[in-house]
Trainee: 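First the structure, then my questions, so here it is.
Indexing begins at 1, ligand by ligand and atom by atom, following the structure's order. None of these values were measured; they are calculated from a predicted model.
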Amino acid sequence: MTLFRPNIDRMAGYMPGEQPQDGGWVKLNTNENPYPPSPRVVDALAEAIRGPLNLYPDPLGTKFREAAAKQLGLEPDWVLPANGSDENLTLILRAFVDTGDIVAYPYPSYILYETLAEIQGGEFRRLLLKPDWSWDHAAIRDTIQNARLVLIPNPNSPSGNLWRTEDLLKLVPPRGVLVVDEAYADFSDASRDAGLLQQPGGERIIITRTFSKSYSLAGVRFGFALAHPDLIAGMRKVKDSYNCDRLSLAAATAALDDQAWMQANAERVRGTRTRLSDALKTLGFAVVPSQSNFVWCTHSTRENKSLYETLKSRKILVRYMAFRNVPYAQDETLTGLRISVGTDAEIDALLAALKSIV
Ligand SMILES: *Cc1c(COP(=O)(O)O)cnc(C)c1O
């Protein structure tokens, strides 16, 4: 006999990327920013620590919402702060998905969506991408018609490619909600406004953004959703009262205020990304042109898994991924390495190691 709900009993649970707790690693496996956050964040945290930590934080994160709304030309009731984007995704599943409802997401992509659907008791459907990571709109039309929720990372992970607005608008389910997970948008050529929400159908689109990647705050846990106030109000009903603490609210508000710092780091990452992509190609890898802070690559002759293991034995950590049930891949399993763009020195160390291996 099991005590768990049947769907929880059946599911495997999400496996986050490895987070080694000892030093000395070149860590290129979970897309953190290699550069530190703005000094304004450190100052804001120092001030918050001296503040009234005995008192609960603002349950609505008013200061942050006002700052984010102002920057995007929206009203604060279009903004929902959360304990990382992953929490916003959980809130979305809880607010919109009932047992048996269809939750669709591109495949291969961010597997967490599947786990969240399983927890909620939803039925997930994989929207199989073409081998060049573009959409097969005709093949997925029926699923979109019947979906309650469609979740799309843009840029996608693990591929790093960016889809156009016209593609996304075709994916708004007529009886549901489209979530565009913009975790990596600051590294792309796309505009940073929330213009998608003003498009036809935009009243059923939710954008999620995070401070973990471009703002260098993965260790603090903060993200926010942008959507029509009706959607935000429904999501707010299912959140913990105090989902963002005083420290994360202070850090995120200060980080948002220093756009120049974030942009400069994103620019450095983009520069290193070009150099990494070119070098990987000369080493025999096929590399997807990336609009993100990582690249997806597959070697023409070597096994991706053994490359990952050899690098790991040298204390260089990249992400090996294997996606099953991909009909166009060898043995129906798409494998590859997702390599985060680190500092120039980290990427030099990676490339030197790869050169000696392949
Ligand atoms: C990193 C990542 C997130 C998680 O963001 P957090 O704010 O750290 O929870 C969400 N979606 C995608 C696609 C990501 O890669």
Trainee: Is the shortest side-chain N to carboxylate O distance from Asp257 to Arg40 below 4.0 Å?
Mentor: yes
Trainee: Considering only NZ, NE, NH1 and NH2 on the basic side and carboxylate oxygens on the acidic side, decide whether Lys312 and Glu309 come within less than 4.0 Å.
Mentor: no
Trainee: Would you mind running through ligand 1 and noting each atom that sits below 4.0 Å from a heavy atom of Gly84?
Mentor: 7 (O), 9 (O)
Trainee: On the ring face of Tyr35, is Arg268 found with NZ or CZ under 6.0 Å from the centre and within 45° of the axis?
Mentor: yes
Trainee: Can you find a non-hydrogen atom of Gly223 under 4.0 Å from ligand 1?
Mentor: no
Trainee: Which protein heavy atom lies closest to atom 2 (C) of ligand 1, and at what distance to 0.1 Å?
Mentor: Lys213 NZ, 2.5 Å
Trainee: Quick one: does Asp258's side chain have a donor or acceptor within less than 3.5 Å of a partner on Ala255's backbone?
Mentor: no
Trainee: Side chain, backbone, both or neither: which part of Tyr184 comes within less than 4.0 Å of ligand 1 when only heavy atoms are counted?
Mentor: side chain
Trainee: Taking 4.0 angstrom as the limit and counting only heavy atoms of Arg221, give me the atoms of ligand 1 inside it, by number and element.
Mentor: 6 (P), 8 (O), 9 (O)
Trainee: Is Asp181 in contact with ligand 1, taking contact as a heavy-atom separation below 4.0 Å?
Mentor: yes
Trainee: Return the closest protein heavy atom for atom 8 (O) of ligand 1 as residue, atom name and distance.
Mentor: Ser212 OG, 2.6 Å
Trainee: Are any of the N or O atoms of Thr210 closer than 3.5 Å to those of ligand 1?
Mentor: yes
Trainee: Go through the structure and list residues passing side chain to side chain contact (heavy atoms under 4.5 Å, CB included) with Thr30, not counting sequence neighbours.
Mentor: Gln19, Lys27, Glu32, Arg319
Trainee: What residue and atom, counting heavy atoms only, is the protein's closest point to atom 5 (O) of ligand 1, and at what distance?
Mentor: Ser85 CB, 3.5 Å
Trainee: Please report which non-hydrogen protein atom sits nearest to atom 4 (C) of ligand 1, along with the residue it belongs to and the distance in Å to one decimal place.
Mentor: Asp86 OD1, 3.2 Å
Trainee: Determine whether the side chains of Asp189 and Gln291 contain a donor N or O and an acceptor N or O closer than 3.5 Å.
Mentor: yes
Trainee: Quick one: salt bridge (charged side-chain N to carboxylate O under 4.0 Å, His left out) partners of Glu75, sequence neighbours excluded?
Mentor: none
